[in-house]
Protein chains: 2
Amino acid sequence: MGKKKRSYDQYCTVARALDVVGERWTLLVVRELSTGPKRFKDLLGGLPGIGTNLLTARLKALEQEGIVRRATLPPPAGSNVYELTELGWSLEPVIVALSRWGSKLLGAPREEDDLRPGWAAVAMRSAVESGAEGGSPGVYEYRIDGEVFHLRVGDGKVETRQGAAPDPDLVVMGEPGTFLAVTSGRLSPKEAVESGALRVEGGTEESRDALLARYLTVIGPAVG
Amino acid sequence: MGKKKRSYDQYCTVARALDVVGERWTLLVVRELSTGPKRFKDLLGGLPGIGTNLLTARLKALEQEGIVRRATLPPPAGSNVYELTELGWSLEPVIVALSRWGSKLLGAPREEDDLRPGWAAVAMRSAVESGAEGGSPGVYEYRIDGEVFHLRVGDGKVETRQGAAPDPDLVVMGEPGTFLAVTSGRLSPKEAVESGALRVEGGTEESRDALLARYLTVIGPAVG
DNA sequence: CGGAATCCTCTTCGATACTG
DNA sequence: CAGTATCGAAGAGGATTCCG
């Protein structure tokens, strides 16, 4: 019994995209994988509220569409993980556009809201000025509530990945909520640093201010 | 009886965006309005398969979120229409990103697919090179299967609207399928014009080639 | 014309329990 | 750890009806 997938049946680029990634949870799975490969369990942790059956179903569908692929991490890890294919990575602009738009709506956290460091990392990636994609190259490490990410800007590309950077220009530390307050425009990066809500390390003592200045030209509120 | 809206309950910019526009049909309603205000009946026509009850529900939700507003067209039309608010228009990058990604997936039309001129117009808008948003200003009129749209590029903005342009630089005519073949990269604009699948008018006989050349620098396949 | 409301069926979702 | 299985609840789809 081939369960025919539900489709809008419209010969339209937008509808076709939504046929594939428009179902509930699907783009959030892509969001989780947009910082790097993850195990089933990690995905569950980053998607509170999804059922195991639904996550399985979404991953299976995404694999079938060529957006996600299963892989085994090189030793010594050796874990089975899910990762984005090239087609999957090409959804980045969609995630970024949604994140930038969502920044406008993001007020203060609500009582019932969950919050994960990875979500802050995704928001910070979308806060990189699109004009900066050509210039202002650099590698910035984020330590958010114990989890580590890095943002790499250069060669016309911007990427955020889980894990430490080999040799970051700058390290920025803080709570997830602080990073999100910055991307949503409720807190300026400058203020955040001055108040100590964000701590900055890296470079020599003399170069730190210059590095920070450069970093501040790269990021900005995602709103706008 | 406040039916509490379903939410991901994540303090995340992407999840917040999807809380608001992630439901089935919602972004397609926005797509329809992205070429200008429309009456309920026109929306139904542009969204084959949606029920009147569901369209009503989506419009009501969008209105409540401040994305859509009801308006009355100035005389002599006087129709009651739905139009995007400023917040609604700011969803353009999301529609464009989805359209560009969907262009990769769009093969030949399937048996069961519907096809509307407006969908081709949306795809053509997303095919405008992002680099062109600063330069190459111009107004291009599309006549697609009897319906008229125009694309305006300039001042760092790109917009497609229903209706004729007052004084277009160029008029391009053709079937919806042809426009979509161009945006999906299966047919080069140059070939389309040379084969007569797209007809071009406007300018003087001497300036037409220059205009067309300029137009071709503005658009390109949305894929990529 | 421009919706809103109702009814019924089907699919999808969400939560939990269970298994290799 | 990585999923399957199951089942009640919610949402979607389609038709039809009602209302101003």
Side-chain angles (χ1 to χ4, degrees), chain A residues 1-10 15 18-29 32-33 37-65 68-73 76-83 112 114, chain B residues 1-10 15 18-29 32-33 37-64 68-73 75-83 112 114:
Chain A
M1 307 303 299
K3 43 185 72 172
K4 49 196 155 215
K5 201 177 184 317
R6 183 186 274 180
S7 164
Y8 289 111
D9 289 337
Q10 299 182 355
L18 291 173
D19 274 343
V20 176
V21 296
E23 278 178 312
R24 190 165 165 79
W25 293 107
T26 300
L27 279 172
L28 294 187
V29 172
E32 288 301 304
L33 296 177
K38 291 208 168 30
R39 292 172 304 172
F40 189 88
K41 182 194 165 178
D42 301 327
L43 288 171
L44 271 181
L47 298 164
I50 200 174
T52 59
N53 55 350
L54 204 43
L55 178 54
T56 300
R58 292 291 180 268
L59 286 170
K60 200 167 291 182
L62 284 169
E63 201 180 339
Q64 209 154 350
E65 303 282 0
V68 160
R69 131 182 17 116
R70 310 177 67 136
T72 305
L73 250 40
S79 347
N80 290 316
V81 294
Y82 294 88
E83 64 180 16
E112 63 271 29
D114 267 294
Chain B
M1 308 303 301
K3 44 185 73 174
K4 49 194 157 217
K5 202 176 183 319
R6 183 187 274 181
S7 165
Y8 289 110
D9 289 337
Q10 300 182 355
L18 291 173
D19 273 344
V20 177
V21 296
E23 278 178 313
R24 191 165 163 80
W25 292 109
T26 301
L27 279 173
L28 295 186
V29 172
E32 288 301 305
L33 295 177
K38 292 211 166 30
R39 292 172 302 172
F40 189 87
K41 183 192 165 180
D42 301 328
L43 288 171
L44 273 181
L47 299 165
I50 200 174
T52 62
N53 52 354
L54 204 43
L55 179 54
T56 300
R58 291 292 179 267
L59 286 170
K60 198 168 291 180
L62 284 169
E63 200 179 341
Q64 209 153 350
V68 160
R69 126 177 27 109
R70 310 177 67 137
T72 306
L73 251 40
S79 347
N80 290 315
V81 293
Y82 294 88
E83 63 180 17
E112 62 272 30
D114 266 294

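In this text, all values refer to a predicted model and were calculated from it rather than measured experimentally. Residue numbers begin at 1 in each chain, while the letters A, B, ... track the order of the sequences.
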Gap between atoms CG and C1', on B:Asn80 and C:dG3 respectively (whole Å): 11 Å
message: Using modelled atom types and a 3.5 Å cut-off, is there a donor and acceptor pairing between side-chain atoms of A:Arg58 and backbone atoms of A:Arg24?
response: yes
query: Atom CZ of A:Arg6 to atom C1' of C:dC10: distance rounded to whole Å?
result: 9 Å
message: Run A:Tyr82 and A:Arg70 through side-chain contact (heavy atoms from CB on, under 4.5 Å) and show every step you take.
response: CA-CA 5 Å; A:Tyr82 294 88; A:Arg70 310 177 67 136; 3.5 Å; yes
task: May I ask you to test the B:Leu33-B:Lys38 pair for a side-chain heavy-atom distance under 4.5 Å?
output: yes
Pairing residues for B:Leu55 by the side chain to side chain contact (heavy atoms under 4.5 Å, CB included) criterion, not counting sequence neighbours: B:Val29, B:Phe40, B:Leu43, B:Leu44, B:Leu47, B:Ile50, B:Leu59
message: If you take any heavy atom closer than 4.0 Å to DNA chain D, which residues from residues 38-47 of chain B end up in contact?
response: none
- request: Return yes if some donor-acceptor pair links the side-chain N/O of B:Thr26 with the main-chain N/O of B:Gly22 below 3.5 Å, else return no.
  value: no
- request: Check the distance between C:dA15's P and A:Leu54's CG and give it to me in whole angstrom.
  value: 10 Å
- request: For A:Leu55 and C:dG14, give me the distance from atom CG to atom C1', rounded to whole Å.
  value: 13 Å
- prompt: A:Gln64 versus A:Lys5: any side-chain heavy-atom pair under 4.5 Å?
  reply: no
query: Given side chains that start at C-beta, do those of A:Arg39 and A:Val81 come closer than 4.5 Å, heavy atoms only?
result: yes
- request: Quick one: closest heavy-atom pair of A:Gln10 and B:Pro48, and the distance?
  value: NE2-CD, 3.7 Å
- prompt: Can you list the residues that meet the salt bridge (Lys or Arg N to Asp or Glu O under 4.0 Å) rule with B:Asp19, with sequence neighbours excluded?
  reply: none
query: Is a side-chain donor or acceptor of B:Tyr8 paired with a backbone partner of A:Gly49 at a separation under 3.5 angstrom?
result: no
message: Can you tell me if A:Tyr82 touches the phosphate of D:dG3, counting only side-chain N or O atoms and a distance under 4.0 Å to OP1 or OP2?
response: yes
- prompt: Taking atom C1' of D:dG13 as reference, at what distance in whole Å does atom CZ of B:Arg58 sit?
  reply: 12 Å
- prompt: By side chain to side chain contact (heavy atoms under 4.5 Å, CB included), which residues pair with B:Ala57, not counting sequence neighbours?
  reply: none
Taking only N/O atoms, report every protein-nucleotides 14-20 of chain D pair under 3.5 Å with atom names and distance.
{"from": "D:dG14", "atom 1": "OP2", "to": "B:Gly49", "atom 2": "O", "distance (Å)": "3.0"}
{"from": "D:dG14", "atom 1": "O6", "to": "B:Asn53", "atom 2": "ND2", "distance (Å)": "3.2"}

- prompt: Taking DNA chain C as the partner, which of residues 20-29 of chain A come within under 4.0 angstrom of it by heavy atom?
  reply: A:Arg24, A:Trp25
